[in-house]
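As structure tokens, the structure follows; a few thoughts come after it.
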Amino acid sequence: IITNYNSGLNNVALANYGNNIKNNNPIIVNLTPFLSIANGLRPTAIQIDKDDNGWFCFIIYDGANPKFLRLNFGNSLLNNPIVDDLGSFGISNFLSYDLELIKDDLGNFHAFFGGVSGTGIRHLNFGTKLSNTPVHNNLGTFNIIRDLCTMKFIRVNNQWLLFVSN
């Protein structure tokens, strides 16, 4: 999935390369018409995962009234998505650069995101279904994270590690 926020178009598209990643002419599917609920906000972070119910895409839109959208594609990413606005989780004037989506050992899905201006790292717990309403928790800045740029979870020797650039 491709986002384009530098041109002011605020588009989100799917590039289908078929069975060849070297394909120079992927089929482009514009998903923007399904995202009118974003009201012209900029897409800044995106993640995709699958649970037993199908494929889900999560997109963060920044701005004075940011949005966290969930796209439910069902059993194929080539289906037209059903879009849910999960809200802003009480955040205003938010700019997020990254979103991490992981599944823990118990089968629970977690989303982590953060942004600029000291908003801290945010945690959403979806439980075992990505279609669930997530529980939000602000993990804070740990006194070192002011303007989060990117983050990456990795599991090593039964420990979850989070790398963050600031």
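Along the sequence shown, residues are numbered consecutively beginning with 1.
Around CD1 of I27, the count of heavy atoms belonging to other residues, nucleotides or ligands within 6.0 Å does not exceed 12.
A donor-acceptor pair shorter than 3.5 Å cannot be found between the side chains of T128 and N108.
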Please walk me through it: do L86 and L69 pass side chain to side chain contact (heavy atoms under 4.5 Å, CB included)? CA-CA 6 Å; L86 298 178; L69 299 185; over 6 Å; no
For side chain to side chain contact (heavy atoms under 4.5 Å, CB included), just list the numbers for V12 and I59, CA-CA rounded to whole Å, side-chain angles, deciding distance to a tenth of an Å, and then say yes or no. CA-CA 9 Å; V12 176; I59 305 174; 4.0 Å; yes
Go through F112 and L101 one step at a time and tell me if the side chain to side chain contact (heavy atoms under 4.5 Å, CB included) criterion holds. CA-CA 6 Å; F112 294 86; L101 189 60; over 6 Å; no
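In this structure the side chain of F58 never reaches within 4.5 angstrom of the side chain of L124, judged on heavy atoms. Residues L78 and N16 meet the side-chain proximity criterion, which asks for heavy atoms closer than 4.5 Å.
Between the N132 side chain and the F126 main chain, a donor and an acceptor come within less than 3.5 Å of each other. Side-chain atoms of N72 come within 3.5 Å of backbone atoms of G74 as a donor-acceptor pair (strictly under, hydrogens ignored). Within the 3.5 Å criterion, the main-chain N or O of P33 finds no donor-acceptor partner in the side chain of N30. Looking only at distances, no side-chain donor or acceptor of N125 sits under 3.5 Å from a matching main-chain atom of V135. The main-chain N or O of L99 is found under 3.5 Å from a side-chain atom of Q47 such that the two form a donor-acceptor pair.
Between the CD1 atom of I121 and the CG atom of N138 there is a distance of 9.5 Å, given to the nearest 0.5 Å. Note that the CG atom of D84 and the OG atom of S131 stand 9.0 Å from one another [nearest 0.5 Å]. Atom CG of L130 and atom CG of N53 lie 8.5 Å apart (nearest 0.5 Å). From R155, atom CZ reaches atom CG of L161 across 10.0 Å, with rounding to the nearest 0.5 Å. Interatomic distance, I102 CD1 to K152 NZ, rounded to the nearest 0.5 Å: 9.5 Å. One finds the CG atom of D49 at 10.5 Å from the SG atom of C57 (value rounded to the nearest 0.5 Å).
Cluster membership check: F163 shares its hydrophobic cluster with V156, using side-chain heavy-atom separations under 4.5 Å among Ile, Leu, Val, Met, Phe, Trp and Tyr. In this structure, I82 is not a member of the same hydrophobic cluster as F109, with clusters built from ILVMFWY side-chain heavy atoms closer than 4.5 Å. When the side chains of ILVMFWY residues are joined at heavy-atom separations under 4.5 Å, either directly or via intervening members, V29 and I48 end up in a single hydrophobic cluster.
Aromatic rings from F73 and F56 are positioned such that their centres are separated by 6.0 Å or more. Ring centroids of F113 and F68 are separated by less than 6.0 Å, placing the two rings close together. The aromatic ring centroids of H123 and H110 lie less than 6.0 Å from each other.
Evaluation of the side-chain contact (heavy atoms from CB on, under 4.5 Å) rule for N20 yields K22, N23 as partners, not counting sequence neighbours. By the side-chain contact (heavy atoms from CB on, under 4.5 Å) test, T133 pairs with no residue at all, sequence neighbours left out.
For K129 and D52, the salt-bridge test passes: some basic side-chain N is under 4.0 Å from an acidic carboxylate O.
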